[in-house]
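Here is the structure we will look at, set down as structure tokens.
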2 protein chains.
Amino acid sequence: MTAPPVPRMNADDRRELVLRAATRAFARGGFHGTSTDAVAKEAGVSQPYVVRIFGTKLELFLEVFARSSDQIRSVFEDVLAQARAEGTAPTDDEVWLRLGLAYAEMLADRDFLQVLMHGFSAGSVPEIGAQARAGMGQIYATLMGTGCEPERAKDFIAQGMLLNVMVSMQAPEHSEAGDDLAGLTVCAFGDALAEM
Amino acid sequence: MTAPPVPRMNADDRRELVLRAATRAFARGGFHGTSTDAVAKEAGVSQPYVVRIFGTKLELFLEVFARSSDQIRSVFEDVLAQARAEGTAPTDDEVWLRLGLAYAEMLADRDFLQVLMHGFSAGSVPEIGAQARAGMGQIYATLMGTGCEPERAKDFIAQGMLLNVMVSMQAPEHSEAGDDLAGLTVCAFGDALAEM
DNA sequence: TTGACAGGTTATCACTTGATTACTTATGGT
DNA sequence: ACCATAAGTAATCAAGTGATAACCTGTCAA
């Protein structure tokens, strides 16, 4: 009688689907502000199944965070790899421009960045703090792979953090002319603002 | 029989005391990750009393956030006022140096900064998002009071956001030599690292 | 003295939430 | 055909949570 509303799926695919759903859910509420049931509803499965796949909510969050962190890092690595392939000197300003553009493209898919911010803020949960530091360390190390001065990488990351914060507080959606924040929004996002 | 373990206090003082305790508590766990009971324990009062003073947990958080935001802004305003009093041109690099130093001093009392980060990340709670944007807008406006280019204020805020993030993830406490993150920590905090 | 108000607490409630258990049903290999 | 295994759900639970209600108790003015 109970028709199977959810078609069967192999475990790996289902896991992937739930992970993506969890990324969207955690992007909104962070670790504490998102229930496993919210993740389940987002994924279209039952709450106990979410728990069964990942063991605990914390493990799920850690995996979602690690993915987001890796996503950023791998985008940067791709840019650097391509630059090397083209023979562009890694210290060239051109490379940093491209890194910035690559980051701007990620703004369209804000979930990763918001998950990142939540992870960074949740340092009081020891496991999350540790993974946040590791993720940030890897991103920094990747950027330093250009052979640049630490200052350069730091400034780049700082700009990224500002964008993350602005995205998290939904500045682009809520900036109207005349607003104090509007000036900062325009300045921080620049051209990327047009496509948001 | 039940001795009064908590000495009586007038309402304003008690409110102030609870607000400070709430700042410490929220700095750790953010809005969702901190119970009103945790705040109460931090303040040494009963949980219902916390609720009664502030109405709801959300109102309490908003007040704590507003205070943190105002704290930052007023520190900046003081620096600018003093610079003006000394006749230092507001566009002078000297002013930005002092703003940076003032911010570095606040790192010692991290609670404000961590509360700020939590507020910025919690944009999905409408009231918090609105207040976060307002707070950031005011800080930006204050910095623009130097008469500088938007870029300058933006870059300053970006550096601040990086420091906030690093503080939130407890990078200074967990950076050991050889760690990927250590390089970034040293670079971002600079001299301020010595006194942490 | 007394009594009214201000400053608190204890008891309690309805609800949420993460997790466990037990059950159900496709599906593919033999 | 059949059954073992994999993919999922329904039912349930104990703990935690925000909020309410009822009560207690110094203190100070009249």
Side-chain angles (χ1 to χ4, degrees), chain A residues 1-26 28-65 118 122 124-128, chain B residues 1-22 25-26 28-65 118 122 124-128:
Chain A
M1 189 86 322
T2 55
V6 178
R8 289 285 180 108
M9 207 176 263
N10 80 51
D12 285 349
D13 289 349
R14 183 62 78 190
R15 186 186 166 88
E16 180 66 26
L17 187 149
V18 173
L19 266 174
R20 289 183 201 274
T23 301
R24 294 192 296 276
F26 280 131
R28 283 181 234 128
F31 176 66
H32 294 293
T34 307
S35 64
T36 54
D37 191 57
V39 171
K41 282 192 168 55
E42 180 81 33
V45 298
S46 67
Q47 178 265 338
Y49 195 35
V50 170
V51 173
R52 197 154 79 177
I53 296 177
F54 297 96
T56 66
K57 176 174 142 172
L58 178 58
E59 291 178 75
L60 170 57
F61 182 83
L62 289 176
E63 190 156 342
V64 166
F65 180 87
H118 281 297
S124 62
V125 179
E127 295 90 338
I128 298 180
Chain B
M1 190 85 324
T2 54
V6 177
R8 289 285 182 105
M9 207 177 262
N10 81 52
D12 285 349
D13 289 349
R14 182 63 76 189
R15 186 187 165 88
E16 180 66 27
L17 187 149
V18 173
L19 267 174
R20 289 184 200 274
F26 281 131
R28 284 180 234 126
F31 176 65
H32 294 294
T34 306
S35 65
T36 54
D37 191 56
V39 171
K41 283 191 168 54
E42 180 81 33
V45 298
S46 66
Q47 178 265 337
Y49 194 36
V50 171
V51 173
R52 195 152 81 174
I53 296 177
F54 297 97
T56 66
K57 175 174 143 173
L58 179 58
E59 292 178 75
L60 170 57
F61 182 83
L62 289 176
E63 190 155 343
V64 166
F65 180 86
H118 281 297
S124 62
V125 179
E127 294 91 337
I128 299 180

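Order of the sequence lines fixes the chain letters, A, B, ..., with proteins taken first and strands second; residue numbering starts at 1 for each chain.
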For residues 33-40 of chain B, please give each side-chain donor-acceptor pair under 3.5 Å, one per line with the distance, not counting sequence neighbours.
from    : atom 1 : to      : atom 2 : distance (Å)
B/Thr34 : OG1    : B/Ala25 : O      : 3.4
B/Thr34 : OG1    : B/Gly30 : O      : 2.8
B/Ser35 : OG     : B/Ala38 : N      : 3.0
B/Thr36 : OG1    : B/Gln47 : NE2    : 3.2
B/Asp37 : OD2    : B/Lys41 : NZ     : 2.8

Would you kindly give the CZ-to-C1' distance between B/Phe61 and D/dG18, to the nearest whole Å? 16 Å

Verdict with supporting geometry, A/Thr56 and A/Phe61, side-chain contact (heavy atoms from CB on, under 4.5 Å): CA-CA 9 Å; A/Thr56 66; A/Phe61 182 83; over 6 Å; no

Nearest whole Å is fine: how far is D/dT9 C1' from A/Lys41 NZ? 13 Å

Rounded distance in Å - CG (A/Asp13) to P (D/dA7): 10 Å

Would you say B/Arg20 has more than 12 foreign heavy atoms packed within less than 6.0 Å of its CZ? no

Audit row: B/Phe65, B/His118, side-chain contact (heavy atoms from CB on, under 4.5 Å) steps and yes/no: CA-CA 9 Å; B/Phe65 180 86; B/His118 281 297; over 6 Å; no

Could you tell me, to 10°, how much the axis swings from one end of the helix from C/dT1-D/dA30 to C/dT30-D/dA1 to the other, five pairs per end? 10°

Just how far, in rounded Å, is C1' of D/dA6 from CD1 of A/Ile53? 12 Å

Pair A/Glu16, A/Met9 - check side-chain contact (heavy atoms from CB on, under 4.5 Å), show working. CA-CA 11 Å; A/Glu16 180 66 26; A/Met9 207 176 263; over 6 Å; no

Rounding to a whole Å, what distance do you find between A/Leu17:CG and D/dG8:C1'? 14 Å

Not counting sequence neighbours, which residues clear side-chain hydrogen bond (donor to acceptor under 3.5 Å, both in side chains) with B/Arg52? List them please. none

B/Tyr49 OH to D/dT25 P, in whole Å, measures 17 Å

Let me see the working for A/Val18 and A/Ile53 under side-chain contact (heavy atoms from CB on, under 4.5 Å), right down to the final yes or no. CA-CA 9 Å; A/Val18 173; A/Ile53 296 177; 4.2 Å; yes

Taking N and O atoms by type only, does the side chain of A/Arg8 place a donor or acceptor under 3.5 Å from a partner on the base of C/dT25? yes

Which ring pair (Phe, Tyr, Trp, His ring centres under 6.0 Å) pairs, counting each pair once, include a residue from residues 32-58 of chain A, with sequence neighbours left out? none

Among D/dG8, D/dT9, C/dG7, the nucleotide that comes nearest once only the side chain of A/Arg14 is considered: D/dG8

A/Glu127: what forms a side-chain hydrogen bond (donor to acceptor under 3.5 Å, both in side chains) with it, not counting sequence neighbours? none

Would you give a per-nucleotide map of nucleotides 15-22 of chain C, 5' to 3', where B means the base has a protein non-hydrogen atom under 4.0 Å away, S means only the sugar-phosphate does, and - means neither? --SBBB-B

